[in-house]
Amino acid sequence: VQMFAGLRIGEALALKWKNVDFDNGIISIDSAVTELPVRNSEGKIVDHRTVISDTKTAASVREVPMPNILKATLLEWKKSRWVQQRTTGKSFIGPNDLVFASNDGELRTYTGTQTIFQRLMRQNGLAPYKLHFHSLRHTYSSMLFESSRCCSGTKTSRRQSAPTTA
């Protein structure tokens, strides 16, 4: 969803199945994952907890088109989650279930997701390129630009003040 829809990592982690409209090819973004500090009695930060909250900015609430490759991938993912749901008895594909929940059906953290991504990079010989999860979002911008859409279309779709490069 980062590469083919330009979502931020927090938006992808907060994505629920009700936000994925397969019939119209649209993903609706209305929330994001954030980490809140947990303080001890002296006010010192001792931990962080991951929660779903509003998007980064009001302008981040948006609908983005879902290309066919992403639609097919998400349909396949939903099918595999259906199998997991049947096997475990846990809900994975209900409207309010997270698209990218953990195997326990729980909210994933930034750190955990980044760890999975870095492991994937190492296992596929891509670690030397020093790619990070957010790079996929930049790839989305580049693909929009290269598909002859103007820069303002890129800016509107990504909701940033100016196009950036990886």
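This is a predicted model, so every value here is computed, not measured. Heavy atoms only: backbone and side chains are in, while hydrogens, waters and symmetry mates are out.
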Can you tell me if CD1 on I69 sees more than 12 non-hydrogen neighbours from other groups inside 6.0 Å?
-> no

CG of L15 to CG of L74: how many Å apart, nearest 0.5 Å?
-> 7.5 Å

Student check: side-chain heavy atoms of V1 and L70 closer than 4.5 Å | yes

From D97 atom CG to S91 atom OG, the distance as rounded to the nearest 0.5 Å = 3.0 Å

In terms of heavy-atom contacts, Q85 and I93 come closest through OE1-N, 3.1 Å

Determine the minimum heavy-atom distance between A127 and R122, stating which atoms define it.
-> CB-CG, 3.9 Å

Separation of E106 CD from R108 CZ (nearest 0.5 Å) | 11.0 Å

May I ask you to test the F22-M66 pair for a side-chain heavy-atom distance under 4.5 Å?
-> yes

Okay, side chain of N124, backbone of M121: is any donor-acceptor separation there less than 3.5 Å?
-> no

Any donor-acceptor N/O pair, N40 side chain to K44 backbone, under 3.5 Å = yes

What is the minimum heavy-atom distance between V38 and R49, and which atoms define it?
-> CG2-N, 4.1 Å

In Å, rounded to the nearest 0.5 Å, how long is the span from CG of L98 to CG of L107?
-> 6.0 Å

Note, W17 side chain near P95 side chain (heavy atom, < 4.5 Å) = no

Check the surroundings of atom CG in N96: do more than 12 heavy atoms from other residues, nucleotides or ligands lie under 6.0 Å from it?
-> yes

side-chain contact (heavy atoms from CB on, under 4.5 Å) between I29 and L7, intermediate numbers included = CA-CA 8 Å; I29 308 304; L7 274 61; 3.5 Å; yes

Are any of the side-chain heavy atoms of D104 and K90 separated by less than 4.5 Å?
-> yes

Spell out, yes or no, whether L36 and V46 are grouped together once hydrophobic residues are joined by side-chain heavy atoms under 4.5 Å, including indirect joins.
-> no

Rounded to the nearest 0.5 Å, the CG atom of D54 sits from the CG atom of D30 at a distance of 9.0 Å

How about L13 and T113: do any of their side-chain heavy atoms sit closer than 4.5 Å?
-> yes

One should read off an interatomic distance between T73 OG1 and K78 NZ, to the nearest 0.5 angstrom, of 15.0 Å

Check: R62 side chain, S60 main-chain N or O, donor-acceptor pair, under 3.5 Å = yes

Which atom names give the shortest non-hydrogen contact between A5 and P65, and what distance separates them?
-> CB-O, 4.4 Å

Provide the closest heavy-atom pair for N103 versus F92 in the form atom of the first, atom of the second, distance.
-> O-CZ, 3.3 Å

Closest approach of A14 and S31, non-hydrogen atoms and distance?
-> CB-OG, 3.7 Å

Report yes or no: do V33 and I116 belong to one cluster of Ile/Leu/Val/Met/Phe/Trp/Tyr joined by side chain heavy-atom distances under 4.5 Å?
-> no

When you measure from the side chain of E11 to the backbone N and O of R8, does any donor-acceptor pair fall under 3.5 Å?
-> yes

Where the side chain of N24 meets the backbone of I26, is there a donor-acceptor pair that is under 3.5 Å apart?
-> no

For S80, the side-chain contact (heavy atoms from CB on, under 4.5 Å) test, sequence neighbours excluded, returns W77

